[in-house]
Amino acid sequence: MAKQIKTIGVLTSGGDAPGMNAAVRSVVRKSLNNGMKVMGIRRGYKGLLAGDIFEMDSHDVSDTIQQGGTILGTARCSAFHTQEGQKQGADMCKKFGIDGIVVIGGDGSYRGAQALSKMGINTIGVPGTIDLDIACTDYTIGFDTAVNTAMQAIDKVRDTSSSHERCSIIEVMGRNAGYIALWCGVANGAEDILLPEKYEFNEQEIINNIIRNRKKGKTHHIIINAEGIGHSTSMARRIEAATGMETRATILGYMQRGGSPTCKDRYYASIMGAMAADLLAEGKSNRVVGYQHGEFVDFDIDEALEMQKSIPEYEYNVAKILSL
Ligand code: ADP
Ligand code: F6P
């Protein structure tokens with residue numbers, strides 16, 4: 001028989017992502033509506049280990065849906081990688097009467113959730129990361145806001161690049177994944193899009209491309225470079241030396257993680273948070289919520305973590321053709 005959950009905890013973990021607050025708000029309000037007590041855990045697994053835990057009511061999440069960041073705070077917690085840390089986390093849940101937890105974060109956070117569930121705490125993961133690098137879902141909370149923020153910033157860099165007839169290398173986040181770079185590359189009409197999954201370290205090809213475009217009369221050359229490749233500043237120096245075209249590197253950095261979430265991030269996060277609350281109410285554990293083929297779905301965490309994700313070949317080829 002499924003374990004009956006009376007008190008649930010909610011935490012945000014890993015890099016913050018716009019829309020996390022909408023997810024927290026939804027977990028809190030849906031769980032209260034399901035007749036449960038809700039405990040907020042501050043600063044992810046770090047706060048769990050420290051017992052930084054407080055009871056939440058509906059009012060605690062008022063006026064938060066439009067805010068970027070996470071009202072609960074977040075952290076990376078190395079102690080949670082160890083069995084001892086995980087056991088301490090499970091004990092802390094028991095101390096506060098928490099029998100189920102919603103973990104909002106990326107796949108690293110899911111591994112922590114998986115460990116907690118093995119120790120008897122019902123856990124549900126909700127995908128919160130700007131990187132879109134979780135295999136079991138086509139959507140992660142924060143990606144939409146991040147790509148819109150980056151796209152607007154890149155438009156601005158393009159204005160000054162055109163005015164000065166410069167080449168600009170703009171580095172976007174994404175850890176080892178190239179989804180932000182791919183989307184911005186297409187949406188910003190970049191001349192070159194460098195993705196860690198595809199890059200063959202052939203700088204000569206980029207140089208040839210710049211020279212060809214100059215001959216065609218293009219006044220700027222925008223290169224979107226993914227963080228997973230990095231080295232934008234040294235790349236800019238080499239490209240300038242080889243092409244004679246003034247080249248600048250812009251690393252967009254943490255601005256991509258901030259700001260008020262888009263409607264899509266608020267909406268999807270709200271539905272996913274509610275689903276997580278309902279899965280716990282049904283006594284489910286070791287599951288993650290996702291969005292696939294136009295539907296909100298859930299998977300076993302073990303299976304979800306085994307899944308692989310790659311840059312869609314067709315979309316990558318279109319991106320290359322459009323940048324010619
Ligand atoms: P994200 O959740 O965005 O992928 P991280 O990979 O940094 O971000 O993971 C966030 C936190 O999740 C880590 O700081 C750690 O506390 C926990 N975590 C990550 N990997 C594991 C693991 N293998 N086992 C247990 N906990 C983990
Ligand atoms: O996972 C989100 C992300 O912003 C990645 O794109 C980036 O690689 C990483 O977090 C940066 O992490 P930190 O905040 O620890 O510097």
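Atoms within a ligand are numbered from 1 in the order they appear, just like the ligands themselves.
- Side chain to side chain, Ser58 and Arg29 meet the donor-acceptor criterion of an N or O pair below 3.5 Å.
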Chi angles and distances behind the side chain to side chain contact (heavy atoms under 4.5 Å, CB included) call for Phe96, Thr7: CA-CA 9 Å; Phe96 280 85; Thr7 302; over 6 Å; no
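- For atom 20 (N) of ligand 1, the nearest protein heavy atom (residue, atom name, distance) is His81 CE1, 3.2 Å.
- Sequence neighbours left out, the pairs with a member in residues 106-121 that pass side-chain hydrogen bond (donor to acceptor under 3.5 Å, both in side chains) are Ser13-Ser109, Gln114-Asp302, Ser117-Asn286.
- Between Tyr45 and ligand 1, a contact under 3.5 Å exists for no N or O pair.
- Residue Asp107 places a heavy atom less than 4.0 Å from ligand 1.
- When hydrogens are left out, the protein atom nearest atom 22 (C) of ligand 1 is Arg111 CB, 3.4 Å; that is the closest non-hydrogen contact.
- With atom 16 (O) of ligand 1 as the reference point, the heavy atom nearest to it among Cys77, Gly112, Gly85 is part of Cys77.
- Under 3.5 Å, the side chains of Asn148 and Thr262 contain no donor-acceptor pair of N or O atoms.
- Counting only heavy atoms of the protein, atom 9 (C) of ligand 2 lies nearest to Arg76 NH2, 3.7 Å.
- Of the N or O atoms in Gly106, one or more lie within a sub-3.5 Å distance of an N or O in ligand 1.
- Side-chain polar atoms of Asp278 and Asn34 form a donor-acceptor pair below 3.5 angstrom.
- For atom 4 (O) of ligand 1, the nearest protein heavy atom (residue, atom name, distance) is Gly108 N, 3.0 Å.
- Close approach of ligand 2 to Arg175 is summarised as follows: ligand atoms under 4.0 Å from at least one heavy atom of the residue are 1 (O), 5 (C), 6 (O), 8 (O).
- Polar contact with ligand 1: absent for Ala75 (N/O pair, distance under 3.5 Å).
- With hydrogens and angles left out, the side-chain atoms of Arg166 and Thr160 include no donor and acceptor closer than 3.5 Å.
- For atom 1 (O) of ligand 2, the nearest protein heavy atom (residue, atom name, distance) is Asp131 OD2, 2.7 Å.
- At least one heavy atom of Arg175 sits less than 4.0 Å from an atom of ligand 1.
- For the residue pair Asn208 / Gln204, a side-chain donor-acceptor distance below 3.5 Å is found, with atom types taken as modelled.
- Under a 4.0 angstrom heavy-atom cut-off, Gln114 registers as lying outside contact with ligand 1.
- Protein heavy atom closest to atom 25 (C) of ligand 1, with residue, atom name and distance, is Phe80 O, 3.2 Å.
- Around the CD atom of Glu306, the shell of radius 6.0 Å holds no more than 12 heavy atoms that belong to other residues, nucleotides or ligands.
- Between the side chains of His221 and Asp192, at least one donor-acceptor pair of N or O atoms lies under 3.5 Å.
- Looking only at distances, a side-chain donor or acceptor of Asn225 sits under 3.5 Å from a matching main-chain atom of Gly230.
- In this structure, the protein non-hydrogen atom closest to atom 11 (C) of ligand 2 is Arg257 NH1, 3.6 Å.
- Taking a cut-off of under 4.0 Å to the non-hydrogen atoms of Gln86, the atoms of ligand 1 that pass are 24 (N), 25 (C).
- Closest to atom 2 (O) of ligand 1, if we only count protein heavy atoms, is Ser109 OG, 2.5 Å.
- Heavy atoms from other residues, nucleotides or ligands lying under 6.0 Å from NZ of Lys46 number 12 at most.
- Using a 4.5 Å cut-off on side-chain heavy atoms (C-beta onward), Arg212 and Lys215 make no contact.
- Distances from ligand 1 to the non-hydrogen atoms of Ser13 include at least one value under 4.0 Å.
- Under the ring-ring contact (aromatic ring centres under 6.0 Å, His included) criterion, Tyr139 pairs with Tyr268, not counting sequence neighbours.
- Under 4.0 Å from ligand 1, not a single heavy atom of Lys46 appears.
- In terms of modelled atom types and a separation under 3.5 Å, the side chain of Asp60 and the main chain of Asp57 share a donor-acceptor contact.
- Checked against a 3.5 angstrom limit, the closest N/O atoms of Gly174 and ligand 2 fall inside it.
- In this structure, the protein non-hydrogen atom closest to atom 16 (O) of ligand 2 is Tyr254 OH, 2.4 Å.
- Note: an N/O pair closer than 3.5 Å links Arg76 and ligand 1 by distance alone.
- Close approach of ligand 2 to Glu227 is summarised as follows: ligand atoms under 4.0 Å from at least one heavy atom of the residue are 5 (C), 6 (O), 7 (C), 8 (O).
- Heavy-atom contacts of Gly14 reach the following atoms of ligand 1: 3 (O), 8 (O), 10 (C) (cutoff under 4.0 Å).
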